[in-house]
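These notes are about the structure you will find just below.
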Amino acid sequence: MRLVVTGGAGFIGSNFVRYMLGRHDDVEIVNLDKLTYAGNLENLRDVEDDPRYTFVRGDICDAALVGETLRGADAVVNFAAETHVDRSISGPQDFISTDVLGTHTLLEAVRQLEIPRYLQISTDEVYGSIDEGAFTEESDLDPSSPYSASKAGADLLVLAYHRTFGTPVLITRSSNNYGPYQYPEKIVPLFITNAIDDRHLPVYGDGLNVRDWLYVEDNCAGIDLVLREGVPGEVYNIGGGNEVQNLTITHRILELLGKGDELIRYVADRPGHDRRYALDCSKLRALGWRPDVPFDAGLTRTVQWYVENPEWWRPIKSGEWRSYYARQYGELA
Ligand code: NAD
Ligand code: DAU
């Protein structure tokens with residue numbers, strides 16, 4: 001299988017590239033990535049010499065490059081996106097460009113080149129917030145942030161291409177991922193690396209918002225299964241089944257690192273902050289998928305990874321990250 005992965009130098013994409021090369025001898029992967037602040041070739045250092053792997057630097061909005069890169073592919077998996085909710089609030093433009101227009105550029109190439117399979121990596125955030133129960137794939141889209149609205153726009157385009165042109169598309173919508181190689185702007189790697197350095201952990205609002213945590217390899221396994229066995233035109237939720245309040249995660253990270261609660265700082269809430277996410281994953285479970293990594297084991301493993309790999313995250317936290325952190329967190333920076 002000749003697979004084009006976009007955004008493969010980011011967090012989930014790089015874990016997926018490693019996962020696929022490790023499990024399927026017959027897979028060849030081309031990774032098309034723009035290398036924004038979130039893209040990092042260090043994430044794939046251990047596989048860069050694998051003859052089945054090729055890296056192409058470029059933008060998914062570049063139609064000529066996309067056409068050239070996708071020609072002859074058996075499948076495309078689109079991870080490329082602007083992904084951080086807070087950045088979408090302070091500057092939505094790149095989210096609309098990459099997440100909506102970039103997805104459209106890929107869809108056009110897939111249609112024209114008659115690529116047999118296109119998998120869009122989406123998010124549970126397109127459904128918005130839910131107080132009780134869980135979203136199914138049939139739930140209405142009700143996004144809250146410019147990020148999730150851009151992802152929802154992309155999902156609608158993907159499904160419209162199926163309905164209008166018969167393009168063989170699939171969508172996965174996963175809950176919050178955590179694990180190695182996550183850029184330290186998202187809560188788990190930010191709080192782990194801040195705590196290691198005895199910096200404050202900025203908790204938004206009352207800290208009682210709930211996310212459903214999914215270990216990144218479990219997401220990779222779900223994506224692999226949908227890619228191989230999913231029905232074109234269908235959407236598949238991928239959730240970890242681990243609903244945890246932000247404060248609980250915060251306390252557990254501090255505990256795992258032997259640090260005290262005095263590092264916690266309550267800061268102004270995120271505008272439009274979704275209270276709770278929860279997914280019904282019975283559709284994917286019916287294909288045989290189960291999350292494998294319990295939350296506490298996954299979090300322990302993740303904390304351990306950041307403790308053991310400061311050479312990965314310290315250079316990040318001394319670059320673009322610093323100015324972002326100062327803008328976002330003001331006096332805490
Ligand atoms: P990330 O921010 O870590 O990485 C994004 C990658 O996309 C980077 O390598 C970046 O360089 C690349 N990229 C950005 N714009 C590009 C462009 N115009 N052209 C080519 N490459 C570009 O993201 P992530 O957390 O790994 O998320 C990957 C996908 O999964 C995204 O589509 C995101 O919406 C979705 N998702 C993420 C989570 C999560 O918890 N992280 C959960 C559900 C869904
Ligand atoms: O649900 C899937 C989504 O999960 C993905 O689509 C997004 O790409 C990904 O960024 C993530 O979005 P969240 O907004 O849920 O993740 P984040 O890590 O930014 O925030 C998780 C929770 O932690 C949220 O309730 C806000 C809170 N938070 C976050 C940060 C960065 C804090 O309290 N303090 C912080 O400094």
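Just follow the structure's listing: the first ligand is 1, and inside any ligand the first atom is 1. All of these numbers come straight from a predicted model, not from anything done at the bench.
- Side-chain contact of N43 with W312: a donor-acceptor pair under 3.5 Å is present, judged by distance alone.
- Heavy-atom proximity to T123, at under 4.0 Å, picks out these atoms of ligand 2: 1 (O), 2 (C), 3 (C), 5 (C), 6 (O).
- N242 places a side-chain N or O within donor-acceptor distance of the main-chain N or O of W213, the cut-off being under 3.5 Å.
- L32 and Y19 fall into different hydrophobic clusters, where Ile, Leu, Val, Met, Phe, Trp and Tyr side chains are chained together by heavy-atom contacts under 4.5 Å.
- Of all the atoms in ligand 2, the ones that sit under 4.0 Å from a non-hydrogen atom of L190 are 36 (O).
- Ranking protein heavy atoms by distance to atom 27 (C) of ligand 2, first place goes to N246 ND2, 3.4 Å.
- Closest to atom 3 (C) of ligand 2, if we only count protein heavy atoms, is E125 OE2, 2.9 Å.
- Looking at I187, D274, I121 and measuring to atom 21 (C) of ligand 2, the nearest heavy atom belongs to I187.
- Ion pairing of E137 with R173 is absent here, as no side-chain N (NZ or NE/NH1/NH2) approaches a carboxylate O to less than 4.0 Å.
- Put simply, part of E185 is less than 4.0 Å from ligand 2, judged by heavy atoms.
- Taking atom 34 (N) of ligand 2 as the reference point, the nearest protein heavy-atom neighbour is P202 O, 2.7 Å.
- Among protein heavy atoms, atom 14 (O) of ligand 2 sits closest to R270 NH1, 2.6 Å.
- For ligand 2, the atoms closer than 4.0 angstrom to any heavy atom of F191 are 34 (N), 36 (O).
- With 3.5 Å as the limit, one finds a donor-acceptor pair spanning the side chains of E108 and Y161.
- Ranked by closest heavy atom to atom 2 (C) of ligand 2, the top entry among D124, L214, D269 is D124.
- Every atom of ligand 2 with a heavy atom of N209 under 4.0 Å away is listed here by number and element: 25 (O).
- Between V85 and ligand 2, no N or O atom pair is found at a separation short of 3.5 Å.
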Anything under 3.5 Å between an N or O on ligand 1 and a protein N or O? List each pair with its distance, or write none.
unit_1	atom_1	unit_2	atom_2	d
ligand 1	2 (O)	T83	OG1	2.7
ligand 1	3 (O)	F11	N	3.0
ligand 1	9 (O)	G10	N	2.9
ligand 1	9 (O)	D33	OD1	3.3
ligand 1	9 (O)	D33	OD2	2.6
ligand 1	11 (O)	D33	OD1	2.6
ligand 1	11 (O)	L35	N	3.4
ligand 1	11 (O)	T36	N	3.0
ligand 1	11 (O)	T36	OG1	3.2
ligand 1	18 (N)	D59	OD1	2.8
ligand 1	18 (N)	T98	OG1	3.0
ligand 1	19 (N)	I60	N	3.0
ligand 1	21 (N)	K34	N	3.1
ligand 1	26 (O)	F11	N	3.3
ligand 1	26 (O)	I12	N	2.7
ligand 1	32 (O)	F79	O	3.1
ligand 1	32 (O)	I121	O	3.4
ligand 1	32 (O)	K151	NZ	2.7
ligand 1	34 (O)	Y147	OH	2.7
ligand 1	34 (O)	K151	NZ	3.0
ligand 1	40 (O)	N177	N	2.9

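- Counting only residues at least two apart or in different chains, salt bridge (Lys or Arg N to Asp or Glu O under 4.0 Å) contacts with residues 300-315 comprise D197-R314.
- When the side chains of ILVMFWY residues are joined at heavy-atom separations under 4.5 Å, either directly or via intervening members, V30 and I223 end up in two distinct hydrophobic clusters.
- Taking 4.0 Å as the cut-off between side-chain N and carboxylate O, D155 and K151 do not count as a salt-bridged pair.
- Of the protein's non-hydrogen atoms, Y147 OH, 3.5 Å is the one closest to atom 5 (C) of ligand 2.
- A cation-pi arrangement is present between R87 and Y37 under the rule of less than 6.0 angstrom and at most 45 degrees off the ring axis.
- Near H84, the atoms of ligand 2 lying under 4.0 angstrom from a non-hydrogen atom of the residue are 19 (O).
- The shortest N or O to N or O distance between S175 and ligand 2 is not under 3.5 Å.
- In this comparison of Y178, Y183, Y204, the heavy atom closest to atom 32 (C) of ligand 2 sits on Y204.
- For H273, the heavy-atom gap to ligand 2 drops under 4.0 angstrom.
- Considering backbone and side-chain atoms alike, Y277 places every N or O at 3.5 Å or more from each N or O of ligand 2.
- No chain of hydrophobic side-chain contacts below 4.5 Å, direct or via other Ile, Leu, Val, Met, Phe, Trp or Tyr residues, connects Y277 to L299.
- To the nearest 0.5 Å, the span separating CG on D62 from OG1 on T105 amounts to 8.5 Å.
- In terms of protein heavy-atom proximity, atom 4 (O) of ligand 2 is closest to N176 ND2, 3.1 Å.
- Side-chain contact of D86 with Y204: a donor-acceptor pair under 3.5 Å is present, judged by distance alone.
- A donor and an acceptor atom, one from each side chain of Y329 and H200, are nowhere located under 3.5 Å apart.
- By the rule that hydrophobic residues join a cluster once side-chain heavy atoms approach within less than 4.5 Å of another member, V77 and F55 end up as members of one cluster.
- Near V203, the atoms of ligand 2 lying under 4.0 angstrom from a non-hydrogen atom of the residue are 33 (O).
- Side-chain N/O atoms of D124 and S175 include no donor and acceptor closer than 3.5 Å.
- Other members of the hydrophobic cluster containing I89, listed by chain and number, are V85, F95, Y147; membership follows side-chain contacts under 4.5 Å among ILVMFWY residues, whether direct or relayed.
- At the shortest separation from atom 36 (O) of ligand 2 among protein heavy atoms lies Y329 OH, 2.7 Å.
- When only non-hydrogen protein atoms are considered, atom 8 (O) of ligand 2 lies nearest to T83 O, 2.8 Å.
- Residue pairs satisfying the salt bridge (Lys or Arg N to Asp or Glu O under 4.0 Å) criterion with at least one member in residues 24-37, sequence neighbours excluded, are listed as follows: K34-D59.
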